[in-house]
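Here's the structure, in structure tokens; my notes come after.
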Amino acid sequence: MKRALCALLILAAGQLGAADFDYRLAPVELARDVYGFIGKTEDFTTSNGGNIVNTAFIVAPQGVIVIDSGPSLRYGQQMRRAIAGVSAKPVVLVINTHHHPDHFLGNQAYADVPIAALAETRNGIAADGNAFAENLYRMSGDWMKGTEVHVPNKLLTAGPLEVAGRRLRIVALDGHTGADLVLVDEASGVLFAGDLVFNGRAPTTPHADVAHWLAALDQLEALTRAPGFTALLPGHGAPSADAAPIRQTRAWLTWLNASLRDGAKAGLDMNDVLARPLPPEFANMPVAASEYRRSVGHLFPALELDALGARH
Amino acid sequence: MRFPLTIAAIALAALMPPAEAAALRDNGDPLNSAMWSDMQKTFLGASPVLFDPRVKVTAPSVAESPMQVPVTVDATALPGVVEVVVFADFNPIAEVLRFFPEQAPAFLGFRVKLQQSTPVRAAVRTADGVWHVGGAWVNTVGGGCTAPSAAAGSKEWQQRLNEVSGRQWSEGPNAGRLRLRIVHPMDTGLIAGTPAFFLEEISFTNAAGQRLMRVQPHEPVSENPVFTLSRGSAEGVIEASGRDNNGNVFRARIAP
């Protein structure tokens, strides 16, 4: 009886773990020739395998441009197969928007293609990539099998960029990380915001500079008012036809920063701040509680220094 | 020894709210840690032990950074506190710190480095010789004790070693609170080539020269330690003074 029960449990556990390791990536058309793969608004788990991120591709006249490669080798491979289902053109360029692992660990599947990023992003991937990957192995489990860091081999700078007959514009911002690349596709009017924008999911802050991030959001919002803008693809959460996700991200960051700063000024310590409830407007946002907890760890120590009158 | 303690526990329970009395126990670690009996032997010896809900240890159940895990010990509900020892069962250096609340309430907040998921406990010795134990499990990805301090990679701390910044709060919900930060690498000695180097004694005295509290940090206390304490009825300037294990001393006045 005991043995039968064990076998049953093992079987159930296997099924829970999605043993086929299929991310079931389905391209969503954002504009003509522009597609996104929209991830879940969750944290990394062994059931989602890290498919919590948005990636995208543009079918240009002479080839396909890929924006971010996902959280694992398997994701990159499956993404590439899904792209091939849309266009027979070759992938000619992969762009990594920033140095967070869910955005570049699929690079390996594009090892035959130039992989481009801002210089600071390239350096960040080279320096911290392995530690990030190790962390994802811990959180996403076997989905990560075979995944290794593949550092970008082409550098991008701000300004216009013509790739495969398509005119793009690189906007180099920062705040979510030290370098956040935003891409504007001139033909479609789609704005690829990377992780400067989260939609319906609490933002992550492990390398954030909130003041810079808020300034970047103002620039992004201006881009949505520019003629030709049609759609915004956030790094996480649903695409949008307007600037609402930008405003949502700004509201979270503004509240978070003010709340931690005021807490530090009032003499609270980290545990006091952690114990405070989320305001009603954010309480039901996916992963709000866990991202708040993480953000206290990231942001509170510096704000506490200010409150104690210490030098940084 | 069991029998008299059980009577003591029953007597105590009668004085406590029912929920707390139900949680009071004199055997069987409520955190179910395989290390408990070792911890008990190491830190509490043969003295009587009571798992006591009046010893509140607050720490996040999931810690974002194993280098900076916030821990708050509040034993102000217990009368006659003499000594508090804080330890983490599964840390390579288990003893985190010890404090002796003299004129100050038995309350201390600080941050610790944890090497892996572990119970973090406070054992509080009262004047009758009983150790009252409270604790919390902290889950963390680990590595906090064997990662180099940020100071190890920078020259600046040498000029700023033992620099103290602090503040007292006299109004608002945190009136009576004192917080301070001391610049110190708090090296554990677990990294090859970097010997243990940590603050080992801090005293807080009031303007009249009476000692409010004595704190003895150990290696697991986080780099650039931040302490939160309650000054109790003390008024005016509070002086923090102390030294590290290399004999570097500091003395700072924290104005109200």
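Since this is a predicted model, take the numbers as computed values, not measurements. Residue numbers start from 1 in every chain, and the chains themselves are labelled A, B, ... in the order their sequence lines are given, proteins ahead of strands.
Among all heavy-atom pairs drawn from A:Ala266 and B:Asn174, the shortest one is O-ND2, 2.8 Å. A pairwise comparison of heavy atoms in B:Pro60 and A:Asn271 identifies CD-OD1, 3.6 Å as the closest pair.
By the neighbour-count criterion of 12 heavy atoms within 6.0 Å, atom CZ of B:Arg160 is densely surrounded, having more than that number from other residues, nucleotides or ligands. No more than 12 heavy atoms of other residues, nucleotides or ligands lie within 6.0 Å of CZ in B:Arg251, so this atom counts as exposed by the packing criterion. Within a 6.0 Å radius of CD in A:Glu134, other residues, nucleotides and ligands contribute 12 heavy atoms or fewer. Counting non-hydrogen atoms of other residues, nucleotides and ligands closer than 6.0 Å to CD of B:Glu200 gives a total above 12. Atom CD of B:Glu171 is surrounded by 12 or fewer heavy atoms from other residues, nucleotides or ligands within 6.0 Å.
Between chain B and the residues A:Val296, A:Asp272, A:Asn135, the largest count of heavy-atom pairs under 4.5 Å involves A:Asp272. Comparing B:Ala63, B:Ala175, B:Ala59 by how many heavy-atom pairs each has under 4.5 Å with chain A, the most go to B:Ala59. Each of A:His298, A:Met270, A:Arg294 has some count of heavy-atom pairs under 4.5 Å with chain B, and the biggest count is that of A:Arg294.
Between atom CZ of residue A:Phe300 and atom CD of residue B:Gln68 there is a gap of 11.5 Å, rounded to the nearest 0.5 Å. Distance CD/B:Glu64 to CZ/A:Arg293: 6.5 Å, rounded to 0.5 Å. Between B:Arg181 atom CZ and A:Leu308 atom CG the span is 8.5 Å, to the nearest 0.5 Å.
Looking at B:Leu180, only its backbone comes within 4.5 Å of chain A, counting heavy atoms on both sides. Only the side chain of A:Arg138 comes within less than 4.5 Å of a heavy atom of chain B; its backbone N, CA, C and O stay farther away. Using a 4.5 Å cut-off between heavy atoms, A:Leu305 touches chain B through its side chain atoms alone. Of the two parts of B:Val69, neither the backbone nor the side chain holds a non-hydrogen atom closer than 4.5 Å to a non-hydrogen atom of chain A. Looking at B:Gln168, there are no atoms closer than 4.5 Å to chain A (heavy atoms on both sides), in backbone or side chain.
One N or O on the side chain of B:Arg177 and one on the backbone of A:Gly267 form a donor-acceptor pair closer than 3.5 Å. B:Trp169 contributes a side-chain N or O that, together with a main-chain N or O of A:Lys265, makes up a donor-acceptor pair within less than 3.5 Å.
With contacts defined as side-chain heavy-atom distances shorter than 4.5 Å, the pair B:Thr72/A:Asp269 qualifies.
The pair B:Arg179-A:Glu304 counts as a salt bridge, with a side-chain nitrogen and a carboxylate oxygen less than 4.0 angstrom apart.
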